[in-house]
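Following: one structure in structure tokens, then a few remarks.
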Amino acid sequence: MREFLEQSIQPYFNYWVYVILMMIGLWATIAKNNLIKKLIGMSIFQTAIILFYVSVGVKKDSKIPIIPHQVEEHHAAEDGNHAGGHGEHGAKRVTEKHVIEPDKFANPLPHVLMLTAIVVGVSTLGVALAVVQMLFKEFGTLEEDEILAQIKTADSASLDV
Amino acid sequence: MSDQLPIIIVLAPLFGALIIGLVGSRDHRVCVPVVLVALLTSLIAVIGTLTQVLETGPVDYFVGGWEPGKMAPGVHGPVEIAKGFGIQLRVDTLNGFLLLAIAIVSIFVSIFSIRRANQEAASKTPQFYTLYLLLCVGLFGMTITGDAFNLFVLVEVTSLTSYALIAMGRNRRGTMAAFNYILMGTVGASFYLLGVGYLYLKTGSLNMEHIQEVLSANDFEIGRSKPVMVAFVLIMVGIWIKMAFFPLYGWLPNAYSYCPSTSSCLLAPLMTKISVYIMIRVMLSVFGWEWIFIEYAGWSDAVVILAVIAILAGSTLALAQRELKKMLCYLIVAEVGYMVGGAWLGDPERWGMSGAVYHILADAFMTLCLFLCAGIFAKKANATRIEDLSGMFKKMPLTMTGFVVGALAMIGIPPTCGFFSKFYLIRGGIEGGHWEFVIALIISSLVNVVLFFRIFEIAFFGAKPAEGHDHAHHHDEDDHSSNNQDPIDEPTLLEREAPLRSLIPLFGTAAIIILLGVYNGQIVEWIRLTIKP
């Protein structure tokens with residue numbers, strides 16, 4: 001048991017959490033009767049994927065992915081010949097001296113992608129809530145079974161005519 | 001200027017949408033001209049790009065100039081841009097024709113929507129046209145992009161606008177259908193996003209071409225790993241939900257049959273078809289056909305069987321419908337089965353894949369033709385059920401002619417395009433040894449014969465519906481045009497027939513259906529240039 005915990009759960013803890021969250025969300029989307037609860041499930045589902053992407057970008061003992069600017073200015077000032085500070089030659093030298101090691105920085109790309117995904121998620125939720133509002137105005141309820149029953153009676157009424 | 005054409009295809013409708021959003025609420029008459037100008041700009045850009053593609057091969061465009069191999073400003077001086085950076089747009093003979101189809105369909109539907117949109121969208125005309133153009137942006141973008149994450153964003157742009165367009169109608173069942181569509185569509189898009197995440201984990205790239213390079217390197221060293229397999233399954237399930245493939249089609253029939261007819265005319269021909277195109281693009285450009293059909297050969301057989309069930313189920317359910325639009329919706333489910341089955345028949349050297357791509361084009365125009373007719377019938381004659389169509393040949397001969405062309409194409413009678421696409425698909429099925437697929441196609445054609453000839457019979461031999469009788473049926477759609485019919489003065493043909501703004505797109509579509517059929521050999525040859533490995 002301990003071995004299982006250490007080998008399978010601990011190193012992939014984030015991934016376990018994301019799968020569990022995702023399943024909770026999917027279950028709520030499918031099984032809940034209240035439309036707002038369905039939407040909450042949908043949001044949990046989307047957020048679980050954000051957790052997945054964020055976990056992908058993380059590295060152990062890494063820093064935030066910002067390359068300090070001062071280094072360049074400092075070295076450019078040292079090179080007396082390049083008073084401009086941004087000469088090609090001076091910049092090249094600096095790159096040679098300070099090779100950026102990607103392992104020391106967290107991968108920013110998945111995190112940036114998630115900014116877009118969050119925006120998409122928010123706008124989906126917005127549209128969905130607007131539709132729910134319309135449904136409430138039309139049917140006077142937010143329970144799915146009551147709405148379906150109303151539609152069914154309307155259908156059979158129109159068939160009788 | 002000409003090297004900027006690919007981005008103009010996407011940007012023109014986007015700017016059009018912004019202009020309508022800003023100005024449209026002041027004066028509603030601005031909307032349609034802006035829509036037409038924006039879409040015509042796109043059409044010209046598509047034609048320009050397509051001629052370039054046919055002359056010199058695929059056109060690549062890198063948004064913002066982030067082209068691999070170029071120098072970009074870095075913190076410590078210029079840096080060479082690595083492969084897989086930047087968003088790539090790619091036009092080749094596979095998607096060039098689809099871009100053309102999107103442009104033509106959207107222009108036709110915008111002509112069809114003049115005046116009609118105002119009545120159907122509850123006087124929210126500027127909002128309707130803003131969404132309309134944004135939907136076109138999404139569709140163009142989905143088709144043109146060469147970047148896996150960008151594709152997700154554009155899929156969501158398309159889906160969000162289509163949710164709103166479906167919910168805009170006055171029918172409350174349409175609102176409920178839109179809600180279900182939101183739930184299903186979001187789950188589908190999320191699955192796709194998750195799949196792209198797994199691909200990124202293994203390949204470190206989001207560019208489709210670059211992903212394929214990494215996957216297939218060293219005899220599929222990375223391609224054989226489990227995360228890639230998981231990614232493939234997740235992406236496929238996500239796209240299948242979006243295209244309403246058989247077990248996942250639940251959202252489609254209600255959403256498309258209860259929404260305003262202008263929305264359904266735009267959504268039904270394009271949404272599912274472009275999703276099928278995305279599936280084919282992912283299969284060919286991201287994973288590569290060797291990976292799918294050789295490394296995991298067993299999968300394709302299973303998918304073809306699913307497609308067979310989709311075709312049979314869609315056709316059977318269509319038989320059971322009494323409403324014209326709903327019947328057409330179930331036919332879409334069957335048609336999606338055709339295309340998915342064709343694409344999974346194996347080796348693209350065979351005819352199945354080319355047939356599927358050609359069928360995307362053909363089906364877009366067939367579906368458009370039939371939905372335009374359904375829209376005209378519902379508005380002008382208040383006929384939404386099949387039995388309401390009785391005597392329609394006498395009442396609206398021109399519209400009915402268009403309907404016959406669309407129906408014959410759906411059945412598959414030469415020289416319409418429907419015949420040739422079925423011919424290529426059946427040929428592919430025989431080559432791949434999938435006889436069940438061939439049989440399902442033939443059964444589905446026979447069912448279509450029954451479906452449409454039943455309508456022809458009612459429309460040709462049926463008596464004219466008694467005046468006032470058909471109004472009792474329909475509470476959902478109020479119609480003013482037929483109320484003022486005087487029983488003494490028989491209305492002339494011009495009064496009975498649909499207005500010119502509806503007939504022009506209808507006959508344009510019918511002409512394209514026949515032209516596509518006549519020039520099928522050349523078009524399929526061009527498509528095969530890209531498909532052939």
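In this text the structure is predicted, and so the values were computed from the model without any measurement. Labels below follow one simple rule: chain letters A, B, ... track the order of the sequence lines, proteins then strands, and each chain is numbered from 1. Side chains included, hydrogens not; waters and symmetry mates left out as well; all remaining heavy atoms used.
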* Starting from the C-alpha separation in whole Å, work towards a yes-or-no answer on side-chain contact (heavy atoms from CB on, under 4.5 Å) for A/Leu39 and B/Leu183. => CA-CA 8 Å; A/Leu39 286 187; B/Leu183 291 182; 4.1 Å; yes
* B/Phe179 side chain reached by A/Ile147 side chain, heavy atoms, under 4.5 Å -> no
* Asked: Got A/Val120 and B/Val157 here, is their nearest side-chain heavy-atom distance under 4.5 Å?
  -> no
* Name the region of A/Leu26, side chain, backbone, both or neither, that has any atom closer than 4.5 Å to a heavy atom of chain B. => side chain
* Asked: Just wondering, do A/Tyr18 and B/Leu194 contact through their side chains at under 4.5 Å, heavy atoms?
  -> yes
* Asked: Are A/Glu144 and B/Met176 side-chain neighbours, meaning at least one heavy-atom pair lies under 4.5 Å?
  -> yes
* **Any donor-acceptor N/O pair, A/Tyr53 side chain to B/Leu193 backbone, under 3.5 Å** => yes
* **Value rounded to 0.5 Å, distance of CD1 in B/Ile182 from OG1 in A/Thr124** => 8.0 Å
* To do: Could you tell me whether B/Phe85 atom CZ has more than 12 heavy atoms of other residues or ligands within 6.0 Å of it?
  => no
* Tell me whether the centres of the aromatic rings in A/Phe52 and B/Tyr198 are closer together than 6.0 Å. => yes
* Do you know which two heavy atoms are closest between A/Gln150 and B/Arg172, and how far apart they sit? -> OE1-NH1, 3.7 Å
* Asked: Among A/Leu135, A/Ile30, A/Val119, who wins on heavy-atom pairs under 4.5 Å with chain B?
  -> A/Leu135
* Asked: Stepwise, does the side-chain contact (heavy atoms from CB on, under 4.5 Å) test hold for B/Val187 with A/Met42?
  -> CA-CA 7 Å; B/Val187 169; A/Met42 191 185 86; 5.5 Å; no
* Asked: Is it true that atom OH of A/Tyr15 has more than 12 heavy atoms of other residues, nucleotides or ligands lying nearer than 6.0 Å?
  -> yes
* **Flag side-chain contact, heavy atom, 4.5 Å: A/Thr29 against B/Thr186** => no
* **Interface residue of largest heavy-atom contact number with chain B, from A/Leu35, A/Leu148, A/Val132, under 4.5 Å** => A/Leu35
* B/Val155, part contacting chain A, at a heavy-atom distance under 4.5 Å -> neither
* **Proximal component of B/Asn180, with respect to chain A [non-hydrogen, under 4.5 Å]** => side chain
* Residue selection (most heavy-atom pairs with chain A, distance under 4.5 Å) from B/Ser190, B/Ala178, B/Ser159 -> B/Ser190
* **Whether over 12 other heavy atoms sit under 6.0 Å from A/Lys59 NZ** => yes
* To do: Please say whether more than 12 non-hydrogen atoms of neighbouring residues, nucleotides or ligands are located less than 6.0 Å from CD in A/Glu6.
  => yes
* A/Thr116 portion near chain B, given a 4.5 angstrom heavy-atom threshold -> side chain
* side-chain contact (heavy atoms from CB on, under 4.5 Å) between A/Leu109 and B/Leu206, intermediate numbers included -> CA-CA 10 Å; A/Leu109 184 71; B/Leu206 291 168; 4.0 Å; yes
* With a cut-off of 6.0 Å (strictly less than), are more than 12 heavy atoms of other residues, nucleotides or ligands near CD of A/Gln133? -> no
* Taking A/Glu138, A/Gln46, A/Lys137 one by one, which has the highest count of heavy-atom pairs under 4.5 Å against chain B? -> A/Glu138
